[in-house]
Amino acid sequence: MVLDTMSRTVVLGVIGSDAHVVGITILEQALSAAGFDVVNLGVQTSQEEFAEAAVAHSAEAVLVSSLYGHAEQDCQGFHEVLEEADVDAMTYIGGNLAVGQDDFEQTRETFEELGFDRVFDSETDPEEAIAALERDLHVTTSESEQVTVTS
Amino acid sequence: MVLDTMSRTVVLGVIGSDAHVVGITILEQALSAAGFDVVNLGVQTSQEEFAEAAVAHSAEAVLVSSLYGHAEQDCQGFHEVLEEADVDAMTYIGGNLAVGQDDFEQTRETFEELGFDRVFDSETDPEEAIAALERDLHVTTSESEQVTVTS
Amino acid sequence: MIRDERIPSDELRRIDDEIRSGWSTGGDVDFEEAIRYHESLPASKRFADVLESADKPLLQPRAGVPRLDDQIELLEYLQDDGKADLLPTTIDSYTRDNEYGKAQEGLEKARETGEDTLNGFPAVNHGIEGCRELIDALDAPIEVRHGTPDARLLAAITFAGGFQSFEGGPISYNIPYTKRHGLEETIEKWQFVDRLAGAYTERGVRINREPFGPLTGTLVPPSIAIAIMIVEGQLAATQGVRSITLGYGQVGNVVQDVAALNALQKLGDEYLPDEVCVTTVFHEWMGGFPPDEARANGVISLGGMTAAIAQPDKVITKSPQEFQGVPTKEANAAGLRTTRQVIDMAIEQNIDIDGIAEEQDLIERETRCLMDTIFAHGDGDVVRGTIEAFDSGALDVPFAPSDSAKGAVLPARDDDGRVRIFEWADLEMDDDIKEIHKARLSQRADTEGREESFRMVADDVDAISDGKLIGRPQGKGGVGSAD
Amino acid sequence: MIRDERIPSDELRRIDDEIRSGWSTGGDVDFEEAIRYHESLPASKRFADVLESADKPLLQPRAGVPRLDDQIELLEYLQDDGKADLLPTTIDSYTRDNEYGKAQEGLEKARETGEDTLNGFPAVNHGIEGCRELIDALDAPIEVRHGTPDARLLAAITFAGGFQSFEGGPISYNIPYTKRHGLEETIEKWQFVDRLAGAYTERGVRINREPFGPLTGTLVPPSIAIAIMIVEGQLAATQGVRSITLGYGQVGNVVQDVAALNALQKLGDEYLPDEVCVTTVFHEWMGGFPPDEARANGVISLGGMTAAIAQPDKVITKSPQEFQGVPTKEANAAGLRTTRQVIDMAIEQNIDIDGIAEEQDLIERETRCLMDTIFAHGDGDVVRGTIEAFDSGALDVPFAPSDSAKGAVLPARDDDGRVRIFEWADLEMDDDIKEIHKARLSQRADTEGREESFRMVADDVDAISDGKLIGRPQGKGGVGSAD
Ligand code: B12
Ligand code: B12
């Protein structure tokens, strides 16, 4: 099934020295299946690599994943780097964002303050991320229905 | 092995309409093995039955067991009944004394106020009860050592 | 002298009228109206149908609090957060003693103070209306669980109140639960309960009956439990019950537990009339639990694993707080979900363990010995036979607190952790079977370098709560160290 | 071009000097003094001896916090309240990247704020003294657990600091843990680590080495894990290591897990030199956990059950908070005790499951295929063979994030929940074995009425966290619903 979303490019990667790859592998697959053009940078991606890829592919969204508990440190100054590279994309972050047994609302605030447009916890289904992207990137509802109705 | 404690008689039973018998079966066995003369009244024993047995056997201690969560109600007025019958024995209560997930210190207080000399929780090993009895009934140390040393 | 015969209709009516006058709420029962109420219930609340048509073990917790609104909230929680398939309503101890006055006091005190002054739900006091409010409020079918020797009024009210499953039986709610009730007496009373369930059944409302398989919950040899289950099933069938769930409590040895559940289903089908639909329920470990939630979760999970292999129709779950006291609703739901996870991960696996057929064969032979002696004791009548066999000790239950059973038989685990009989007392059993038990136990005694004695039994009683299956000597003197 | 050859003594010294200059604490290492320190340790802290002489599976958790006093407190808790037999010290991620400066910052921030700003214990920064304080404070032996591609300085400091066990290896701490390190590079670096462990071994201090068996933790087919374990064992043996613990991560199918652990021990003994003492470690489920502690306890218990049957030498436990994040010490200890209870209840039982021998045979044949291709790729040299085989894809790991592996092989569960290979890519395997996998997977596809596809893989990845073993279609569209 080919959708109009084919033109919508998103950059995806795991930041810092985090090597948890399974989540973005599943996400990549789901996003592609939903019609997005996915540039998967893989694990251990630096802030600069995210910015370069976003510029090179004119990405409309940058999806950052972090599982290993160093997300906060790894994302310090990330939005400044994106700005300097003139990246004007939605930024999402998801995964397991805090060390230890933290309260998620607190975590969400921390990452919103760092500049992320949306913050997802590790219970996030790929469908939720897709739905959010469709809303934020104004993919028309009929398209999104096409995506979720097929089973 | 025959001990001097043979003369020490204790009455044992489960109070109220409680039918949990396994604990007192184990206790009876352990007390007998430690040299006590045990009068086991079994489960669902009334306050009056405890008093009668204590009188009839000149018991030096009355051991009440309760597991099912109604101990507090079942023991209301118990010490008055004992007094009326002129029972002058140590009174112990043990088992699972409160309904629900209560704090044991609170439970202990409740039952001490009701008149019990000692209150035991359900983690009590028979050895602890025996040690307490030996102390309270002044069984000489050497006897008690004989009991615990043999393995 | 009572026999295994169906109570005639007029007698049923007579007793029904009589017992309903025992407490004010009894007067509200109207059988025809009750049938209409049951007919109005959706298929999802028909206990027997839901249970019998399930394609994997259904989970049911234990739960009962005094106040109606609290009970609704509790069951909703267990349904929604625990994902219970079937719900319980556990009755308080005063009701079990037919002390409805004391239960009323407790209930009122609970309403005033907000504290749980009763250890269960006083259904008789809540009456038909209260029961139906509960049935209406929940989506899943609900069973009455109790431990009442004389449950006639409880049955009359809860059946009319919309409950379609009722635990217990004349032996299983006598021997482990009470000291002074005679067996003849409880059989007579349960004949009424079963007959009443049969009356509903005749009218298309199949009340499910569930004899309480774990009995004293403490190292009960499988064949003793199964024989009693069959007897109670037969008594219920005679009175017209057509949906019977035979119970069994985990002993902790996987091979023996799976074998026992297999034997229970097989012998149940064989001994009970064809028109009865026989299902089975597996109770997670009913003996003493570890005083530690983490370890308790291990015990619960071993039960889940066993259930995944044996696939009984229902599993009654325990909570990690079993040792401590009545569990919080969170702990109760946790026990359900831990069990569910283990079952769902293991159930699609092909796990065929060696030796199950042999153990099952042994259990079946033992059970047949016991059934034969019951029939022989009663000249073919199972009621008389049961009474006489308990009286002579040919049938017995370990740790029975009841005066109606000798309680002289004593179990102990063998070297593999299977429950064997150490002290036979007068229990009827073929000699070759006794030899098998003897050999297994002496093998264990050899391993441990000690004599078989009550101390071994006591050690086994404590073993699971101490973190092991078998009560091996620990080097330091334990119970009975002085004998 | 490196080969599987022992590093000469002078070369060992040269590298040792060089790497120890990488961070200030490196200068404190004095090999002779370190040997004396190890010799002063009581028998109960000799890791290899304790592990190899145990008569039942020893339990070890994972745990690491930045500050020394916190780490001591944490390990004391796990030892006393969790009853851990062996203790861990998990190293932080900056140290794994050799970013000792950043680790220092984190450690200082942790010391100032009291917060855990690092996800582990920065052993290099704590230096020999800090390590020894830890070793001295605890009763049980402690292992270094990390995930470091270049662990040379970490090894130099922790060996001298009194640790006698060190996890990892050139493949197992490369392929799942890092993107850009070449295999040739990590092999060279781990040859030094093993050679250093060998130098201690020669002097009577047998440092235990433990290749990391679970790899990516996500549906890794047993034979792939076992082949890599054997290779890392061989590399370590060449450098003089004599105590090697081969690892394996639970896949959740009991038969396959028991078969795999059996095969691991058997092939380990067979492929590794006689002078090596080979033991095994079983990791409780290393993939995604359920977001619910109650369900997580079920997963943990299934691991305990498997361990009771297979009886590996060591079990690495998970905590019920695995999904959420680094566990509290209470949750960590709870995971230990749940596991202990299940193992202790099940281990004395004779549980022989059908089909283990067949599955083991299949795993062994697959592993031999992989070992043959590795030797063939390297003309008999296992180092070259490993590098070439990964390069060609003849050896591969599913979900490998590393550029050094193709990561093209894809696993899926069969109808019984055993992990099979769905996408072989270039993985070397005999055709008849491939046919077996194909048949099993097409059987599952039939059962589910769908095609084999990546969606099946994705469903399997999520299955255990969703409460099942096999990712069956749920009716509603899941991942990949649009393809
Ligand atoms: C498998 C695993 C590993 C494997 C990883 C293999 C690999 N290369 O991928 C191994 C064993 C190598 C590993 C190593 C480590 N791990 Co790890 N690991 C896990 C585990 C068990 C599962 C992760 C997983 O694959 N889940 C399945 C996938 C499908 O789910 P997911 O990753 O959560 O992704 C989904 C969602 O989160 C979401 N999502 C993710 N990212 C994003 C981004 C966006 C924008 C959106 C919208 C959504 C989204 O969508 C995804 C798809 O559904 C988790 C615990 C758990 N979750 O159960 C720990 C866990 C993540 N690991 C942890 C740690 C600490 C580590 C180590 C540092 C520790 C160590 N002792 O070695 C190292 C780190 C190494 C490194 N440099 O990164 C911690 C993190 C702690 C924290 N955050 O507080 C966890 C939570 C375990 C724990 N409880 O301690 N790990
Ligand atoms: C086996 C059991 C049963 C069996 C009892 C069979 C029998 N006739 O004995 C059956 C299944 C019939 C049963 C029924 C009920 N049970 Co019950 N049962 C248990 C269970 C699982 C084990 C008890 C046991 O035998 N332990 C082993 C023995 C050796 O230990 P023990 O009894 O604790 O005794 C030792 C110590 O406590 C101490 N001790 C005991 N008494 C005394 C006295 C003195 C003076 C001293 C010094 C020491 C001492 O020494 C003993 C020997 O070591 C416990 C939970 C648990 N502990 O794991 C629940 C438990 C006691 N039962 C409970 C309940 C509520 C009931 C029922 C009301 C519920 C029901 N749904 O049917 C009925 C009550 C029936 C009645 N009329 O009594 C609750 C009590 C709740 C509370 N107190 O808050 C418990 C805690 C379960 C729970 N978590 O809900 N039960």
Side-chain angles (χ1 to χ4, degrees), chain C residues 81-83 252-256 285 290 292-306 308-309 319-320 330-331 333-355 413-418 444 447 463-464 466-470 472, chain D residues 81-83 252-256 285 290 292-306 308-309 319-320 330-331 333-355 413-418 444 447 463-464 466-470 472:
Chain C
D81 280 66
K83 303 266 176 288
N253 176 286
V254 179
V255 167
Q256 192 172 33
W285 174 245
D292 166 8
E293 297 193 19
R295 288 186 180 270
N297 283 321
V299 178
I300 288 170
S301 294
L302 188 63
M305 188 70 191
T306 306
I309 299 171
S319 97
E330 290 81 9
L336 282 161
R337 295 201 306 273
T338 299
T339 304
R340 184 87 275 163
Q341 180 80 25
V342 175
I343 292 183
D344 283 359
M345 282 181 68
I347 199 163
E348 292 193 273
Q349 302 182 31
N350 212 345
I351 303 182
D352 290 322
I353 308 179
D354 284 358
R413 293 190 187 273
D414 70 16
D415 230 15
D416 194 53
R418 303 186 196 180
R444 167 172 170 193
T447 303
I464 287 183
D466 289 348
K468 314 266 179 210
L469 184 68
I470 308 172
R472 308 282 193 198
Chain D
D81 281 66
K83 303 267 179 285
N253 176 284
V254 178
V255 168
Q256 191 172 35
W285 175 244
D292 166 8
E293 297 191 20
R295 289 185 180 270
N297 282 321
V299 177
I300 288 170
S301 294
L302 187 64
M305 187 70 191
T306 306
I309 299 171
S319 99
E330 290 82 7
L336 282 160
R337 296 201 306 273
T338 299
T339 303
R340 184 86 276 161
Q341 180 79 24
V342 176
I343 292 182
D344 282 358
M345 284 182 66
I347 200 164
E348 292 192 274
Q349 302 182 31
N350 212 343
I351 302 181
D352 288 323
I353 308 179
D354 285 358
R413 292 191 188 273
D414 69 17
D415 230 15
D416 194 55
R418 302 186 195 178
R444 166 171 173 197
T447 302
I464 286 183
D466 288 348
K468 314 267 180 212
L469 183 68
I470 308 173
R472 307 282 193 197

Checklist outcome for this item: C/D466 meets the side chain to side chain donor-acceptor pair (under 3.5 Å) criterion, sequence neighbours left out, with none
Item to check | Atom group of C/P320 that falls short of 4.5 Å from chain D, counting heavy atoms | outcome: neither
Item to check | Closest-packed option against chain D by number of heavy-atom pairs under 4.5 Å, given C/Q256, C/R418, C/M305 | outcome: C/M305
Item to check | For chain C, the option from D/I470, D/D292, D/D415 that forms the most heavy-atom pairs under 4.5 Å | outcome: D/D292
Checklist entry - Minimum heavy-atom separation for C/G298 to D/S301, with atom names? => result CA-OG, 4.1 Å
Checklist entry - For C/D81, which residues count as a side chain to side chain donor-acceptor pair (under 3.5 Å) partner, sequence neighbours excluded? => result none
Checklist entry - Under the 3.5 angstrom rule, does the side chain of C/T338 hit a backbone N or O of D/A294 as a donor-acceptor pair? => result yes
Checklist outcome for this item: Between C/K83 and D/R295 the two heavy atoms that sit nearest each other are CG-NH2, 4.5 Å
Next on the checklist: Is any side-chain heavy atom of D/I464 closer than 4.5 Å to one of C/Q341?
Outcome noted: yes
Item to check | Nearest-0.5 Å distance, CD1 of residue C/I353 to CG of residue D/D354 | outcome: 9.5 Å
Item to check | Which of C/D352, C/V342, C/T339, C/I343 touches chain D most, by non-hydrogen pairs under 4.5 Å | outcome: C/D352
Item to check | Side-chain heavy-atom pair C/Q349, D/V255 within 4.5 angstrom cut-off | outcome: no
Checklist entry - Is D/D344 close to C/L469 at the side-chain level, that is, under 4.5 Å between some pair of heavy atoms? => result no
